[in-house]
Amino acid sequence: MKQENILVCVAWPYANGDLHVGHVAGAYLPPDIFARYHRLKGNRVVMVSGSDAHGTPIVVRADKEGVTPREVFERFHQRFILTQQKLGISYDLYTHTDTENHHAISQQMFRKLLDNGYLFKARQKQLYAETQQRFLPDRLVEGTCPICGYDKARGDQCDNCGNLLDGTQLINPRSRIDGAAPVVRESEQYMWDLPALSGRISAYLADKDAYWRRGVLEFARNFATDVQPRAFTRDLTWGIPIPVPDAEGKCIYVWWEAVLGYLSATVEWAKVIGQPDAWKDFWYGDASDGSTRIYNFIGKDNILFHTVLWQGILLGMGNLGQPWDGDTANPVFNLPYDVPANQYLNLGGQKFSKSQGVSLDVIDLTEKYGPDAVRFYLSSIMPETRDADWAWADFAQRNNTELLGKWGNLIQRTLSQIWKNFEGRIPEPGPLTEVDTALIAQSEAAFDVIGDMLGKVRLRDALGEAMALATATNQYLDGQAPWKMIKVDRARAATQLYVAARVIDSLTVLFSPFIPNLCEAARRQLGYTEPLFGTQFVETLREATRDHDALRYDASLATGNWAPSALKPGQALGGEPKGLVARIELAA
RNA sequence: GGUGACGUAGCUCAGUCGGUAGAGCAGGGGACUCAUAAGCCCUUGGUCACAGGUUCAAAUCCUGUCGUCACCA
């Protein structure tokens, strides 16, 4: 089969607070499962993301703490790297938006849109904080609602009556940072002529019925038909300056350069691996036969940006060639093939909210329970169709009954019988009975069935299907009872245990996108010495004026294949089998 | 306020083009013992948010209400 180019784009976390399990379940774990599957299939996978470094909230936080914005975002960038490394989110490149590379490409984006006629100037009224010499985002202003009179309405919305507001409408506005009254100031900004692109965006959305999630598509179409021009620049101190003369203090609005990160990070990845043109295979490669695909994994709050606005940028830019440099030879960008947005994960029925103490520290969780217990639970309740809920009792129960009871115990009961009765070597099978071949056939078919689900980003279903095969194997063992057979017909018992071991071998691959660590460990117990996957590492990447840390993935040692087991009789187990899955006992 | 999505067993969720409601877990019972008292078999349990409507037939289509969520210069 033809090797496919799969670009896995992951939402860029904003470097202003820690990641919690809700983020992980919604946006970070799904792409990792997806990427691991495609790597096993032998496809060329690049998975990119990074920390979103710019914007006023980071500046405000920095001011509060008396440090620079760079210090704030660097701190969270390091936390994001650590968190995702602990969970095993296998980025080919996890970078950030304050690199020279990203700045340069963002400025190219601005120039392309300007040169292509999609940006125009307009004067805007905005609230300006004289005490801080800074324009204030609407959400950082509060005052009296002009509609209902509520005196703690925010500039973007009134929490009392629910109406949307413009910060300049507030009566007695005051800064939520220091309480000082802001003033209205006019400012000239570049506006993005999104309506000029709406026809092409709608055309892009027209043929997605077959495979986009319905809610995502409805949402996108709804907006694509009626778009307004949007501010493309802001008066910002911490951002990417626009590359035009006399534009002091004007930066590209954070959202636009953040989504551009998907492109710039792919470019950076290509540089880092020493093949500077490799990114073009994904962004310019022939996608007409479906063999080159771009996926964007996000939470439901980002749907608009990733199904309409980002497409608008890509269409508006056309390509990354620079007409002002005489480079017009490049073709147009590929647009995202699918945007499998997830719903939210709540915690014990409440929304995650750090300020109200509703949060779960991911680093802490992985250290206490191991990454795979967390990955398994999040995968089995993954909010693919609607909001889901993290319930502690459910977490422990699923771990103990499914991951441990069905899967871990299946390995343990099979291998320990082999260890005790067959000198720790995979036994030589005799003739296979109908029951044997039926189970093996089921395990082989599972690669297509589960692969199909994974390819369609139905991850929760795929995990359930793998677990069903584990159950079938447990049923097989209970029906065959090799522990009895060993006493009367050693050869038949050998066959039974071989069949079970062989299906387990297949299951270590089928489960591996979800619970890679447990599967690698199970394979070592089966006697394999080579890993399915590569390894993650943190590398400091150097540019001319500054360095940055990035999370990377080295696939050179990976040997996994999305293919049924070819387990060899006689293979020596990797030592006496020991339980792989830890029981979780919650304190009462 | 506008737009969209969702509301199915105690819990987490499936239900494709309308045809007498499903799975896993929890609860109850049983046979076994290789296995981390795990696994296997059987089983209780639902007026499919509510109210109307279309239809021979609606969880499924339409309208309204309530609730939840997201997005909206």
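Because the structure is a prediction, the values reported are computed rather than measured. A, B, ... follow the sequence lines: proteins, then strands. Residue 1 opens every chain.
- To the nearest angstrom, P of B:rA26 lies 10 Å from CZ of A:Arg398.
- Distances shown here put every side-chain N or O of A:Gln343 at or beyond 4.0 Å from the OP1 or OP2 atom of B:rC6.
- Here the nucleotide nearest the side chain of A:Asn222, chosen from B:rC40, B:rU3, B:rC25, is B:rU3.
- Using Watson-Crick or G-U wobble geometry with both donor-acceptor distances under 3.5 Å, B:rA21 finds no partner in any strand shown.
- If you measure from atom CZ of A:Arg460 to atom P of B:rA23, you get 17 Å, rounded to the nearest angstrom.
- The pairing partner recorded for B:rA51 is B:rU63, the criterion being a Watson-Crick or G-U wobble arrangement whose two distances lie under 3.5 angstrom.
- In this structure, A:Glu186 places its CD atom where more than 12 heavy-atom neighbours from other residues, nucleotides or ligands lie under 6.0 Å away.
- Put simply, CZ on A:Arg386 is 8 Å from P on B:rU12, counting in whole angstrom units.
- Checking A:Thr401 against A:Thr414, the closest nucleotide of RNA chain B that is more toward the 5' end is the one next to A:Thr414.
- The distance between atom CG of A:Leu347 and atom P of B:rC69, rounded to the nearest whole Å, is 15 Å.
- Comparing B:rG4, B:rC34, B:rC40 by their nearest atom to the side chain of A:Thr471 picks out B:rC40.
- With ring centers used as reference points, A:Trp192 lies 6.0 Å or more from A:Phe110.
- Spacing of C1' atoms, B:rC56 relative to B:rG19, comes out at 10 Å, to the nearest Å.
- If you take atom P in B:rU55 and the same atom in B:rC66, they sit 28 Å apart, rounded to whole Å.
- If you take atom P in B:rA59 and the same atom in B:rC42, they sit 29 Å apart, rounded to whole Å.
- Separation of the P atoms belonging to B:rC6 and B:rC17 is 13 Å when rounded to the nearest angstrom.
- Counted by atom type alone, A:Asn421 and A:Arg490 present zero donor-acceptor pairs between their side chains at under 3.5 Å.
- A close approach under 4.0 Å does occur between a side-chain nitrogen or oxygen of A:Lys406 and OP1 or OP2 of B:rC25.
- Searching all strands for a Watson-Crick or G-U wobble partner of B:rU3 with both distances below 3.5 Å returns B:rA70.
- Here A:Asp436 does not pair with A:Arg502 in a salt bridge; the nearest charged N to carboxylate O distance is not below 4.0 Å.
- Residue A:Gln475 is classed as a sugar-phosphate contact, given heavy-atom separations below 4.0 Å to backbone atoms only.
- The nearest whole Å value for the distance from the CD atom in A:Glu384 to the C1' atom in B:rA5 is 16 Å.
- Nearest to the side-chain atoms of A:Lys420 among the listed nucleotides B:rA26, B:rC34, B:rA70 stands B:rC34.
- One atom, CG of A:Asp389, and another, C1' of B:rU68, lie 13 Å apart when rounded to the nearest Å.
- Taking the P atoms as reference points, B:rU54 lies 15 Å from B:rU63, given to the whole Å.
- A:Arg523 CZ to A:Leu518 CG: the interatomic distance, rounded to the nearest 0.5 Å, is 13.5 Å.
- For the P atoms, the distance from B:rA21 to B:rA9 is 15 Å, rounded to whole Å.
- Between A:Asn474 and A:Ala582, the residue whose closest nucleotide on RNA chain B is further toward the 5' end is A:Ala582.
- Per the geometry, CG belonging to A:Asp461 stands 13 Å off C1' belonging to B:rU12, to the nearest Å.
- Of the candidate nucleotides B:rU12, B:rC34, B:rU36, B:rU12 has the atom nearest to the side chain of A:Ile381.
- Classification of A:Asp32 and A:Arg375 as a salt-bridged pair holds, one side-chain N sitting under 4.0 Å from a carboxylate O.
- Relative to the side chain of A:Asp301, the nucleotides B:rC34, B:rC71, B:rU12 differ in distance, and B:rC71 lies closest.
- Residue A:Leu477 is classed as having no contact, given no heavy-atom separation below 4.0 Å to the nucleic acid.
- Nucleic acid contact class of A:Ala481 (heavy atoms, under 4.0 Å, all strands): none.
- Considering only side-chain atoms of A:Phe305, the nucleotide from B:rA70, B:rC32, B:rC72 that sits closest is B:rC72.
- Listed pair A:Arg413 / B:rG39 fails the phosphate criterion, with no side-chain N or O lying under 4.0 Å from OP1 or OP2.
- For B:rG18 and B:rA23, the C1' atoms lie 22 Å apart once the distance is rounded to whole Å.
- Residue contacts shown for A:Gly579 include a base, since a base heavy atom lies under 4.0 Å away.
- No side-chain donor from either of A:Gln311 and A:Arg200 sits under 3.5 Å from a side-chain acceptor of the other.
- Judged by Watson-Crick or G-U wobble contacts below 3.5 Å, the nucleotide B:rA9 has no partner.
- Under the 6.0 Å cut-off for aromatic ring centres, A:Phe395 and A:Tyr377 qualify, their centroids lying closer than that.
- When Watson-Crick and G-U wobble pairs are counted only if both distances are under 3.5 Å, B:rC34 pairs with no nucleotide at all.
- If you measure from atom CG of A:Leu304 to atom P of B:rC69, you get 20 Å, rounded to the nearest angstrom.
- A distance of about 44 Å separates the C1' atoms of B:rA5 and B:rA37, rounded to the whole Å.
- With B:rA35, B:rA70, B:rU12 as the candidates, the nucleotide lying closest to the side chain of A:Tyr344 is B:rA70.
- Using a 4.0 Å heavy-atom cutoff across all strands shown, A:Val581 reaches at least one base atom of the nucleic acid.
- Taking every side-chain heavy atom of A:Glu218 into account, B:rG4 is the closest of B:rG4, B:rU33, B:rC72.
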